[in-house]
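Note that this is a predicted model, so its numbers are computed, not measured. Ligands are counted one by one from 1 in listed order, and the atoms in each one are counted from 1 as well.
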Amino acid sequence: MPLVPYYIESLQPYKAGKTINEVQREYGLTRVVKLASNENPLGSSPMAMEEIHKRATNLHLYPNGGLNLRTVLAMQYDLKVENVIVGSGSEGIMSNIIRTFLCDDDEVLTTEGAFIGFQVLAKSRGVAYKTVPYNNWHYDLPALSEHITEHTKIIYLANPNNPTGTIFSMHEFEAFYKTVPERVLIILDEAYFEYARDNPRYPDSMHYRYDNVITLRTFSKIYGLAGVRIGYGFAHEDLITNLLKVKLPFEPSTLAQAAGIGALRDKEFLHKSLEINSRGLEFLTHSLKELGLHIVPSEANFIMAVLDNEEEVNYIFEQLLRRGVVIRPLKAFGLPHCIRITVGLDEENRILVDALSKILTKELV
Ligand SMILES: Cc1ncc(COP(=O)(O)O)c(C=O)c1O
């Protein structure tokens with residue numbers, strides 16, 4: 001009997017993108033533009049930062065398990081505290097979902113090329129991980145319905161989806177939901193919902209409040225708090241009660257909670273972030289298409305390009321690095337011929353397009 005189970009042995013440890021300092025050092029550059037991790041190019045919500053500073057006292061005391069932030073979220077969404085969970089990023093909550101609900105014979109079902117964080121968490125539990133292909137880079141909900149078996153326990157849907165940036169509509173979700181047995185838990189990962197919610201086709205999952213759906217959201221993206229690790233989820237109180245049995249009792253940290261509470265008040269930062277993103281997304285969509293790239297229209301803060309093959313991906317990635325621009329190749333997601341580019345500040349987007357244009361016309365450095 002080996003010490004490490006085969007399903008752990010076969011995993012690849014998460015490889016974060018290169019940091020700005022690493023790229024500067026490796027390529028001898030003074031300026032590096034990082035468009036690799038769907039972070040907010042404006043930085044962090046000022047109100048979140050203010051709240052962190054205010055709460056940076058009494059840190060010798062343990063946190064209260066998230067109750068302060070849960071209370072604020074419950075008020076804001078007109079829910080009971082018992083319907084709300086918070087954790088170390090939405091991935092922290094996802095990890096608890098995996099530990100709480102999956103048994104050895106269960107199956108997880110999602111799309112091919114799903115968000116890498118979910119893939120790793122689900123596979124680390126050693127259960128069967130089933131996927132269906134994308135349909136034109138969208139979740140194929142009818143095909144997912146057909147693949148539900150008596151063993152299916154969790155269906156993972158990200159809306160908007162990372163890495164494609166696409167959404168499924170209210171109509172599509174409602175039709176799909178009717179085909180899912182109540183014993184199956186649907187994770188609706190809405191890490192990017194703020195970017196899509198003004199689209200009338202977008203199904204805000206809070207509208208439904210189904211008993212077997214858990215909504216996950218995060219402060220990492222639009223609120224610019226990825227480094228703080230704070231996310232939240234909404235679900236039926238029975239689901240939350242069981243998740244709380246498994247959650248580390250002292251996550252999230254006192255300062256992470258404070259950041260979340262401050263961020264929720266920061267309407268101005270939210271508005272500014274949305275504005276800069278929609279302008280940047282339009283510019284990138286238009287410019288990348290003009291460069292002849294196959295772009296998938298996005299509803300989030302990033303855009304995916306489908307290239308010819310992995311060699312082309314590696315070539316463009318490396319050439320961009322030399323010019324001080326970091327993007328995300330998607331091999332780890334299972335899409336070796338695709339890249340993902342995060343929307344940056346106006347100037348950063350222009351630097352990327354300019355560099356890409358030179359690379360595609362073979363102006364090498
Ligand atoms: C779809 C999706 N879900 C969840 C996350 C993780 O967010 P968090 O930082 O809250 O763990 C990400 C981050 O990239 C994401 O793209």
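- The Asn162 neighbourhood of ligand 1 comprises atoms 1 (C), 14 (O), 15 (C), 16 (O), with distances under 4.0 Å to a heavy atom of that residue.
- A salt bridge is defined here as a Lys NZ or Arg NE, NH1 or NH2 lying under 4.0 Å from an Asp or Glu carboxylate O, and Glu251 with Lys247 fails to meet this definition.
- Residue contacts with ligand 1 for Ser220 involve side-chain atoms from C-beta outward but no N, CA, C or O (heavy atoms, distance under 4.0 Å).
- When non-hydrogen atoms are compared, ligand 1 lies under 4.0 Å from the side chain of Tyr192 (C-beta onward) but not from its backbone.
- The shortest N/O to N/O separation between Lys221 and ligand 1 falls below 3.5 Å.
- Taking the six-membered ring where the residue is Trp, Tyr232 and Phe234 present perpendicular rings, their angle passing 60° and hence far from 30°.
- Under a 4.0 angstrom heavy-atom cut-off, Asp189 registers as being in contact with ligand 1.
- Within a 6.0 Å sphere centred on CD of Glu112, other residues, nucleotides and ligands contribute more than 12 heavy atoms.
- Not a single N or O atom of Ser37, backbone or side chain, sits closer than 3.5 Å to an N or O atom of ligand 1.
- Summary of contacts: the protein heavy atom closest to atom 10 (O) of ligand 1 is Thr218 OG1, 2.5 Å.
- Between Glu268 and Lys272 there is no salt bridge, since no side-chain nitrogen of the basic residue lies less than 4.0 Å from a carboxylate oxygen of the acidic one.
- Using a 4.0 Å cut-off between a side-chain N of Lys or Arg and a carboxylate O of Asp or Glu, Arg31 and Glu347 qualify as a salt bridge.
- Ranked by closest heavy atom to atom 7 (O) of ligand 1, the top entry among Gly231, Gly89, Ser90 is Ser90.
- Scanning the protein for heavy atoms near atom 5 (C) of ligand 1, the closest one is Phe115 CZ, 3.4 Å.
- Under the 4.0 Å criterion applied to side-chain N and carboxylate O atoms, Asp189 and Arg217 are not assigned as salt-bridge partners.
- Considering backbone and side-chain N/O atoms, Arg229 comes within less than 3.5 Å of an N/O atom of ligand 1.
- Lys221 forms no cation-pi arrangement with Tyr192, by the criterion of a distance under 6.0 Å to the ring centre and an angle within 45° of the ring axis.
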